[in-house]
Each structure stands twice: as structure tokens, then as C-alpha cells.
Amino acid sequence: MDRSALKPLVLLGATGSIGTQALDVADRLGVAVLGLAARRGSDHLLGLAEAHPEAAIAVAAPTSDERQRMDAKLGSRVRYGPDSIVDMASQPDVTVINGIVGAAGLAASVAALLAGNRLALANKESLVAGGPVLKNARRTGGGLLIPVDSEHSAILQCLTGEDIEAVRRLILTASGGPMRGRDAESLASVTVDEALAHPTWSMGPRITVDSATLMNKAFEVIEAHYLFDLPYEVIDVVVHPQSIVHSLVEFVDGSVKAHLGEPDMRVPIQYAMTFPDRLAGTLDQFSLTDQTLTFEQPDRAAFPLLDIGYEAGRRGQSAPAVLNAADEIAVQAFLDGRINFSAIALIVEGALERVPLRELESVADVIKADAEARSVASDLVGSR
Ligand code: NAD
Ligand code: MG
């Protein structure tokens with residue numbers, strides 16, 4: 001493929017881990033950046049705005065000081081509030097990379113698909129919380145939904161050219177996170193620093209804690225269910241500490257396809273921009289003989305959020321939105337030192353028991369379930 005065939009980019013969550021790596025890819029490929037969005041009007045975002053003078057800037061939740069400073073430096077290029085991000089994702093003929101963290105990314109994901117754009121989705125919470133709504137938006141708007149999450153990019157690459165009817169099983173790999181091998185009892189005393197020390201990937205704090213509890217892997221199971229339209233019974237998880245095999249697909253004839261490579265998010269980010277084609281990347285030639293690859297079953301007793309997540313996925317409708325929202329509250333409480341590591345699962349489980357199941361037809365329905373779950377989870381945090 002020719003680089004000139006790539007659509008210009010709108011990059012949401014531009015200051016984060018995904019955002020930084022996406023800009024790296026865009027700059028290297030010479031793709032125009034038409035929009036940059038983040039939560040705050042930080043120095044980081046100002047620097048990006050200066051480096052990309054052609055880009056419009058959207059800031060979801062600036063302080064009044066930040067707003068004054070951004071207005072003075074950027075004038076009419078900058079807009080504020082969540083709607084400014086939705087508008088940015090709605091402009092026609094762009095690739096929207098959604099690297100926002102949390103359910104806050106849902107409205108922009110829906111807007112990108114309704115506008116018929118390619119949505120390169122890192123913001124897995126969009127699909128977890130609003131799977132049915134996002135699928136509707138894709139159908140109505142004709143947009144293309146391409147995963148950035150490394151496991152789902154791997155599965156998409158294994159499935160390309162295959163008939164989905166011929167799939168027997170998806171196997172998502174999990175690094176196991178920094179707590180792999182610990183038993184349930186010793187997990188109560190895990191510190192924030194320990195939970196943030198991921199062995200193979202460098203990511204934002206929320207997903208790093210979710211990797212330590214295996215919540216992230218349950219989110220990815222739900223993400224795979226909605227992306228590839230497959231039932232939970234055929235989506236498996238295996239722990240693979242080296243993060244070299246990014247996931248696998250087993251077919252009805254007994255063939256198994258795996259996707260391998262160095263763990264570097266710039267590869268799936270770029271693939272989401274070029275799919276179904278490829279462009280040269282920056283990684284050195286892969287050395288198979290330098291690898292020792294091992295696989296083991298996840299410890300479902302020590303990391304109960306994996307099965308709690310499967311169960312929420314099977315219940316469907318608003319249950320995954322509740323799962324995600326309660327986890328957002330619980331992870332923040334853990335990072336703030338208000339609850340211990342093992343309490344994250346108890347709070348998520350408690351919220352799922354207490355918040356009633358609802359149909360999801362619109363973004364508003366998702367926001368309602370999300371808000372209910374946040375409120376219940378916050379109460380549960382407070383009572384601990
Ligand atoms: P991060 O914390 O490093 O960055 C988050 C970004 O989102 C920041 O730019 C922040 O300003 C922005 N943001 C936060 N709240 C917002 C809001 N309300 N409105 C608009 N912008 C907002 O997170 P990250 O690690 O880059 O992860 C981003 C997403 O990608 C998450 O959904 C995560 O699960 C997913 N993901 C990340 C990785 C990775 O390697 N980092 C891998 C796979 C998937
Ligand atoms: Mg992943």
C-alpha cells in the first residue's frame with residue numbers, strides 16, 4: 001500500500017500511552033493529524049498542539065486556568081467539553097484513533113462509526129460498556145471498527161481471509177501481570193507500586209492495575225465477543241508470561257493460527273490504520289531462537305475478576321457496563337490508597353449484584369447504567 005492512501009487522523013487521548021505511540025506512528029508515516037483531544041489542558045497537550053499546527057484541539061475537562069492559557073496560545077483552534085471531542089470524531093473521511101481511558105470514550109466511538117469513519121479502537125471500555133450500541137452505530141453509519149488492543153489485532157490478523165464459520169475457538173493470551181504466581185491470601189497486601197510494575201507492557205495506570213487483577217483480560221473476552229460475534233463458550237484465555245504470542249485462533253479442521261511478535265503497541269496501532277494492508281514498521285527482524293515461550297492456565301481462584309467478567313459478559317445488556325464502571329471506581333480507590341488490592345474484586349462483584357440489569361439501546365442507556373454502578377461502587381468503597 002501507498003502511504004498517501006492513509007486517511008488523516010483524529011487522535012483522542014493524545015497525551016496518554018496509546019496517544020503518544022500513535023503520534024509516533026503518524027509522524028513516521030507522514031499522516032496528517034487533524035485533531036488532538038485529551039482530558040486536561042496540560043503542557044503536554046499544548047506541546048502537541050504546537051508540534052501539529054494543522055490540528056484542531058479538544059479538551060474534555062480543563063480548569064479555568066488551563067482554559068485561559070489555551071485560549072491565549074491557540075485561539076479558535078481549541079474547543080472545550082466532551083461534545084467538542086464528539087464533533088471532532090464526527091468529521092468525515094478521517095481515521096479516528098480512540099485512546100481515551102474509560103467509558104468516557106464511548107460517545108466519541110459511536111460518533112466516529114455513525115460518521116462512517118474508520119475507528120481504530122484502543123478504548124476497549126467503549127465496547128465492553130456499550131457493545132450493542134456500538135454495533136448498531138457501525139451498522140447505521142457504515143464505519144469500520146478495527147481493534148488496537150494487541151490480542152484483538154492478532155485475532156483479526158489470524159481471521160483475515162478465513163470464514164468465521166470455520167472458527168472453533170479464540171485463545172486470548174494474558175501476560176498474567178505483575179501478580180502472577182501469587183496466592184489469594186498474599187494479594188491483599190499488594191502495594192500500588194507493585195501493581196503498577198507490569199512485566200512486559202508499559203501502559204496507563206488503569207489498564208496496568210486491570211492487568212494485575214486479570215480484569216483487563218475479562219474485558220478483552222467481552223471485547224472479542226462483540227468484535228467477532230462469537231459466543232463466550234468459544235473464547236478462552238491462556239497465560240503466556242512472555243507476551244510474544246499475542247493471541248491464537250483454532251479452526252474446525254484442527255489448525256491453529258497464532259500471531260507473534262515483540263510486544264510493541266505501535267504494531268497494532270499501525271495495523272489498525274493500514275488494515276487490510278501493511279506498511280513497513282520499525283521493529284528489527286524477529287528472532288525465534290531468542291524466545292522461550294511458556295503457557296499455563298490462569299489462576300481463577302486468586303484472580304476472581306476473570307470469571308466475574310465472563311459471567312457479566314454472559315448476562316449481557318448493561319452487566320458489562322456495570323462491570324467496567326464499578327472497576328473504574330474500585331481501581332481509582334486502590335490507586336488513592338483507600339482500599340486494598342483484593343477489595344477491587346469484592347466491589348465489582350457487589351456492584352453487579354446490586355445494580356439491576358437493563359436493556360441497552362442508546363448511549364444514554366449506557367451512561368445511566370454506568371452512573372448507577374459508579375454510585376453503588378462508591379458507596380461500597382466508602383463502607384470499607
Ligand atoms: P493513559 O492513562 O495513558 O491515557 C489516557 C488518555 O485519555 C489521556 O490522553 C487522557 O487525557 C485521556 N482522557 C482521560 N479521560 C478522558 C475524558 N474524559 N475525555 C477525553 N480524554 C480523556 O491510558 P492508555 O494506557 O493510553 O490507555 C488508553 C486506552 O487504550 C484504554 O482504554 C486502555 O485500556 C487501552 N489500551 C492501552 C494499551 C497500552 O499499551 N497503553 C494497550 C491496549 C489497550
Ligand atoms: Mg490487550
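The structure displayed is predicted, hence computed values, not measured ones. Both ligands and their constituent atoms are indexed starting at 1 by order of listing. Quick note: numbers below take in every heavy atom, side chains included, and nothing from hydrogens, waters or symmetry partners.
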Shared hydrophobic cluster for [X] and [Y] (ILVMFWY, side-chain gaps under 4.5 Å):
X: I329; Y: L346; value: no
X: Y271; Y: L170; value: yes
X: L46; Y: V78; value: yes

Side chains of I171 and V249: does their closest heavy-atom pair fall under 4.5 Å? no

In terms of atom number and element, which parts of ligand 1 are under 4.0 angstrom from non-hydrogen atoms of N123? 32 (O)

Which atoms of ligand 1 sit under 4.0 Å from any heavy atom of M265? 40 (O), 42 (C), 43 (C)

Side chain, backbone, both or neither: which part of [X] comes within less than 4.0 Å of ligand 1 when only heavy atoms are counted?
X: A104; answer: side chain
X: I85; answer: side chain
X: K124; answer: both

Name the one of V237, L156, L172, V238 that satisfies side-chain contact (heavy atoms from CB on, under 4.5 Å) with S247? L172

Just one of V148, V96, I97, L145 clears the side-chain contact (heavy atoms from CB on, under 4.5 Å) bar with L121, so which one? L145

Any nitrogen or oxygen of [X], side chain or backbone, less than 3.5 Å from one on ligand 1?
X: G16; answer: yes
X: R40; answer: no
X: E125; answer: yes
X: T15; answer: yes

Would you mind checking which non-hydrogen protein atom is closest to [atom], with the distance to 0.1 Å?
atom: atom 29 (C) of ligand 1; answer: I100 O, 3.4 Å
atom: atom 12 (C) of ligand 1; answer: G13 CA, 3.9 Å
atom: atom 15 (N) of ligand 1; answer: R39 CD, 3.3 Å
atom: atom 43 (C) of ligand 1; answer: D149 OD1, 3.1 Å
atom: atom 6 (C) of ligand 1; answer: G99 O, 3.5 Å
atom: atom 33 (C) of ligand 1; answer: I207 CD1, 3.9 Å
atom: atom 35 (C) of ligand 1; answer: A122 O, 3.1 Å
atom: atom 37 (C) of ligand 1; answer: I18 CG1, 3.4 Å

Give a yes or no on whether a salt bridge exists between [X] and [Y], defined as a side-chain N under 4.0 angstrom from a carboxylate O.
X: R206; Y: E125; result: yes
X: R354; Y: E372; result: no
X: R69; Y: D65; result: no
X: R180; Y: D299; result: no

If you measure from each heavy atom of G19 to ligand 1, is any distance below 4.0 Å? no

Looking at ligand 1, does A37 have a heavy atom less than 4.0 Å from it? no

Run the side-chain contact (heavy atoms from CB on, under 4.5 Å) test on E162 and V167 for me, step by step, so that the C-alpha distance in whole Å, both residues' side-chain angles and the decisive distance to 0.1 Å come before the verdict. CA-CA 8 Å; E162 302 284 355; V167 172; 5.8 Å; no

Select the closest option to atom 19 (N) of ligand 1 among A14, S17, A22, A60, judged by heavy-atom distance. A60

Heavy atom to atom 40 (O) of ligand 1, shortest distance: which of H152, M203, H198 holds it? M203

Considering only N, O or S atoms, which atom of [X] is nearest to the Mg ion (ligand 2)?
X: E220; value: OE2
X: D149; value: OD1
X: E151; value: OE1

N98 and L119: side-chain contact (heavy atoms from CB on, under 4.5 Å), yes or no, with the steps? CA-CA 7 Å; N98 190 346; L119 172 63; 4.0 Å; yes

Sole residue of H240, H198, Q242 in side-chain hydrogen bond (donor to acceptor under 3.5 Å, both in side chains) with S175: H198

Verify whether one side chain among S153 and Q157 offers a donor that lies under 3.5 Å from an acceptor in the other. yes

